[in-house]
Amino acid sequence: MQAFFADAKSVSVSLCALVLMLAAGGVAAQAPDTRQAAAPAGGGATAAAPAPVTAAPMTRERFEQIEARTPIRQRYPAGSIKSVEMAQAVLDEVAEDRQAVQLRYVLDQRACAPKFLVNKCLEEARDRKRLAEKDLKQAEYEANVFQRQANVDDRDRSLADQRAKDQEDAARRQAEQKQKEADSARKVQESNAKNREVQQRIDANKDVPADYRVREHEAKQRQQQAEDAARAPERAANAAERQRRIQEAEQHRLEVERNKAEKERERAQRQQNQQNQQNQQNQQQDSPTTAPAAR
């Protein structure tokens, strides 16, 4: 008898929990699902374990739909998970199935209460719950393993890409450094060659008298002045032509402005004449109507 009352008490508590869960499910069914799938680790970050999936409270209709579908191991046999999206779908369904199993266990306890062999009925309900949870745990384990391996693969690919990028950058910097060294060496060689050339000219002119170098410089200046004088008439003609074109452009601009002003005056005069004619017509039309009144 004590065992019977103990089981009855546990059934009452479970029944209250079921009522509360179904009531909460009716309200939560109106709210959007705020769960987000955990993003795979990228870059150099370590692969994090998948976050546990918690199912939202379900309605009675959803509970019946979940109980009507095939068991989780038939929907997702061992080795059937092939993508991260599929693994997340398995975790979502496992969370729903686990909640449905718990609700079914509560309902089974309730159904066992009026029976004579209460303990045997409760034991069978616990066995069904244990077997169902075992399948759920296996499917959940496989989904979590797949997600963790996918995160590790993503991390390895990111590390490999980063290593390849680092190697490319190092090779590019090394090539740039070699090019800079080659350019610097070339500039040094060119500078040394120019210095040697200058020194050779100095050495070649070392025995030449100073007045000879002065006369040579003066001769070059006279030649440059003669060339400038020969080109002077051409430069003067070009300057005169340029000045003539500037004057013609200015005259053209002034003529355009005068024509524009003349057209504006003519247009204003025509408008004034039209206005005067309109006023005269209005006066003529008004005069017959006012004459009888004046008599």
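Just so you know, residue 1 is the first one in the sequence shown, and it goes up from there.
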Residues E197, K194; criterion salt bridge (charged side-chain N to carboxylate O under 4.0 Å, His left out); working and verdict: CA-CA 5 Å; E197 183 180 354; K194 289 181 180 179; over 6 Å; no

Qualifying residue, where the test is side-chain contact (heavy atoms from CB on, under 4.5 Å) with E176 and the options are K178, Q179, R172: R172

Write down the atom of [X], the atom of [Y], and the distance for their closest heavy-atom approach.
X: F146; Y: A87; result: CD2-CB, 4.0 Å
X: C112; Y: V118; result: O-CG2, 3.6 Å
X: V90; Y: A143; result: CG1-CB, 4.0 Å
X: D127; Y: R130; result: OD1-NH2, 2.7 Å
X: P233; Y: A230; result: CD-O, 3.4 Å
X: R235; Y: D228; result: NH2-O, 3.1 Å

Test salt bridge (charged side-chain N to carboxylate O under 4.0 Å, His left out) applied to E168 and K165, step by step: CA-CA 5 Å; E168 292 178 359; K165 185 176 180 299; over 6 Å; no

For the residue pair [X] and [Y], establish whether any side-chain heavy-atom pair is separated by less than 4.5 Å.
X: L107; Y: E67; result: no
X: R62; Y: Q99; result: no
X: E93; Y: Y76; result: yes

Residue that, paired with Q221, satisfies side chain to side chain donor-acceptor pair (under 3.5 Å) out of H217, Q223, Q225, Q224: H217

Steps toward side-chain contact (heavy atoms from CB on, under 4.5 Å) verdict (K120, K115): CA-CA 10 Å; K120 182 180 179 181; K115 293 184 179 181; over 6 Å; no

Spacing of CD belonging to Q281 relative to CD belonging to Q284, to within rounding of 0.5 Å: 7.0 Å

Does a donor on one side chain sit under 3.5 Å from an acceptor on the other, for [X] and [Y]?
X: N151; Y: Q147; answer: no
X: N273; Y: Q277; answer: no
X: N279; Y: Q283; answer: no

Using 4.0 Å as the upper bound for N to carboxylate O, is an ion pair formed by [Y] and [X]?
X: R267; Y: E264; result: yes
X: R104; Y: D108; result: yes
X: E255; Y: R258; result: no

Worked verdict on E133 versus K137 for salt bridge (charged side-chain N to carboxylate O under 4.0 Å, His left out): CA-CA 6 Å; E133 288 180 343; K137 288 180 180 179; 5.2 Å; no

Enclosure of R245 CZ (heavy-atom neighbours >12, cutoff 6.0 Å): no

Heavy-atom donor-acceptor pair, S158 side chain to D154 backbone, under 3.5 Å: yes

ILVMFWY cluster, V145 and I72 together (side-chain gap under 4.5 Å): no

